[in-house]
2 protein chains.
Amino acid sequence: MDGLDRIDLRILAELVTDARASQIELAEKVGLSPTACARRIRHLEEIGVIRGYRVDLEPSALGLVTTVVVTITLEKQSEDYLAAFEAAIARCPDVVSCHLMSGSDDYHLQVIARDIADFERIHKQHLSRMPGVARIHSSFAMREVVRRTIPETALRG
Amino acid sequence: MDGLDRIDLRILAELVTDARASQIELAEKVGLSPTACARRIRHLEEIGVIRGYRVDLEPSALGLVTTVVVTITLEKQSEDYLAAFEAAIARCPDVVSCHLMSGSDDYHLQVIARDIADFERIHKQHLSRMPGVARIHSSFAMREVVRRTIPETALRG
DNA sequence: GGACTATGCGCGTCGGCGTGCCCAAGGAAA
DNA sequence: TTTCCTTGGGCACGCCGACGCGCATAGTCC
């Protein structure tokens, strides 16, 4: 991975702040000419560091104020059980993150819903119908303290 | 919040896919004229639905392959304990999400590190020094199954 | 029927972006 | 040490396209 130098990281840091900055603005901020800057960006896109450019939406402004942390335990942790569950969970549109955890056969999910009633719907329609599930445990978030897309450490020269 | 109609949601869905699409491309996809489309986007920015535009980076391409779910319990849950902890955690650059959970005095965090050794550094330098912490429990993720910035449900007409 | 909101069209201006070429620095080999 | 080659940066040009404005219009609510 690490053909990235300080300038690349600075470019990425700027694009995290504002992905719509023109190459000219960008070039000024990182101390490069626009063409050199453009070349580096294209390179970062080609090697897959940059996956794309997305709008950053405010969930609460869309009525999504209920974050739930869900822990799911499977009945068995055989390959096919894992695969079946993961295929199913990937199709659940309310899930924003899902990780298979080590040290147990658990999955950790984050689900975002409109309210508690909406989460009940998600629970009934999706979570409780997942294949091979032994146990589901849900915890509601009262407040969001930190939200980031990537650790700041990653973009420090 | 809900002055948003189907067209607004379609615009947002397109911008989640590609925030660099020109207003002309965008307008075609949602079936509007460019000017009308631009007006709606500006409106969405003004009312705070759109927070900004960010590059989408691939953490693994930056060497960040270790996601850790951390649960932290405070000694006391008084106002000042919570405030002190939250101020401290917001300053920790490796934390990508932190929620105060209901039903207990726990915080749920997601931390992204380069590797296990890097997480040990984070643990020593930051987590174990947080004020008012009684207990820290860390679980390592083996695989990322789902990653989204916002539930797909939110943008369905 | 009047007012308001939102759309569509056409225009002009402005600025971005990409290309091609040249230059400087660093490394390797003779 | 000298020379060649490669890598990355800067400059200048020209084309193309986006953006924003103003106005006319349709649909809607009161």
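Convention: sequence-line order gives letters A, B, ...; per-chain numbering from 1. When reading the values below, keep in mind they use all heavy atoms of this one structure, side chains included, and skip hydrogens, waters and symmetry mates.
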task: Would you classify A/Arg40 as touching base, sugar-phosphate or nothing, given that sugar-phosphate means primed atoms plus P, OP1 and OP2, and contacts are heavy atoms under 4.0 Å?
output: sugar-phosphate

Sugar-phosphate or base contact per nucleotide [nucleotides 24-30 of chain D; S, B, -; heavy atom under 4.0 Å]: -------

- prompt: Atom CD1 of B/Ile7 and atom P of C/dA6: how far apart are they, to the nearest Å?
  reply: 11 Å

query: Once you round it to whole Å, what is the distance between P of D/dG10 and CD1 of A/Ile24?
result: 14 Å

- request: Anything under 30° is parallel, anything over 60° is perpendicular, the rest tilted; go ahead and classify B/Phe85 against B/Tyr107.
  value: tilted

field: B/Tyr81-B/Glu86 side chain donor-acceptor pair, cut-off 3.5 Å
entry: no

- request: Measure the distance from CD on A/Glu45 to P on C/dC17 and round it to the nearest whole Å.
  value: 12 Å

field: Nucleotide C/dG18, atom P - distance to NE2 of A/His43 in whole Å
entry: 17 Å

Short side-chain N/O contact to D/dC19 OP1/OP2 from B/Gln23, under 4.0 Å: yes

task: Mind calculating the distance between CZ (A/Arg6) and P (D/dG8) to the nearest angstrom?
output: 17 Å

query: Do we see a donor-acceptor contact under 3.5 Å between the side chains of A/Asp115 and A/Thr66?
result: no

message: Can you see whether B/Asp106 engages B/Thr71 through a side-chain donor-acceptor pair at a distance of less than 3.5 angstrom?
response: no

- prompt: Taking CD from B/Glu25 and P from D/dA18, how many angstroms apart are they, rounded to a whole number?
  reply: 7 Å

query: Taking the side chain from B/Arg114 and the backbone from B/Leu62, do they hold a donor-acceptor pair closer than 3.5 Å?
result: yes

statement: Quick note, A/Ala36 side chain, CB onward, closest among D/dA12, D/dG9, D/dC21 is D/dG9

- prompt: Linking I/L/V/M/F/W/Y whenever their side-chain heavy atoms sit closer than 4.5 Å, directly or via other members, would A/Tyr53 and A/Ile47 fall into one cluster?
  reply: yes

query: Roughly, in whole Å, what's the span from CD1 in B/Ile41 to P in C/dA6?
result: 15 Å

message: What's A/Ser22 touching, base or sugar-phosphate or nothing? Going by heavy atoms closer than 4.0 Å.
response: sugar-phosphate

message: Using whole Å, what does the distance between atom C1' of nucleotide C/dG8 and atom CZ of B/Arg39 come to?
response: 9 Å

message: Nearest to the side chain of A/Leu32, heavy atoms from C-beta on, is which of C/dG8, C/dT19, D/dG9?
response: D/dG9

query: Does a side-chain N-to-carboxylate-O contact under 4.0 Å join B/Arg148 and B/Glu152?
result: yes

B/Arg20 or B/Asp5, whichever maps to the more 5' nucleotide of DNA chain C: B/Asp5

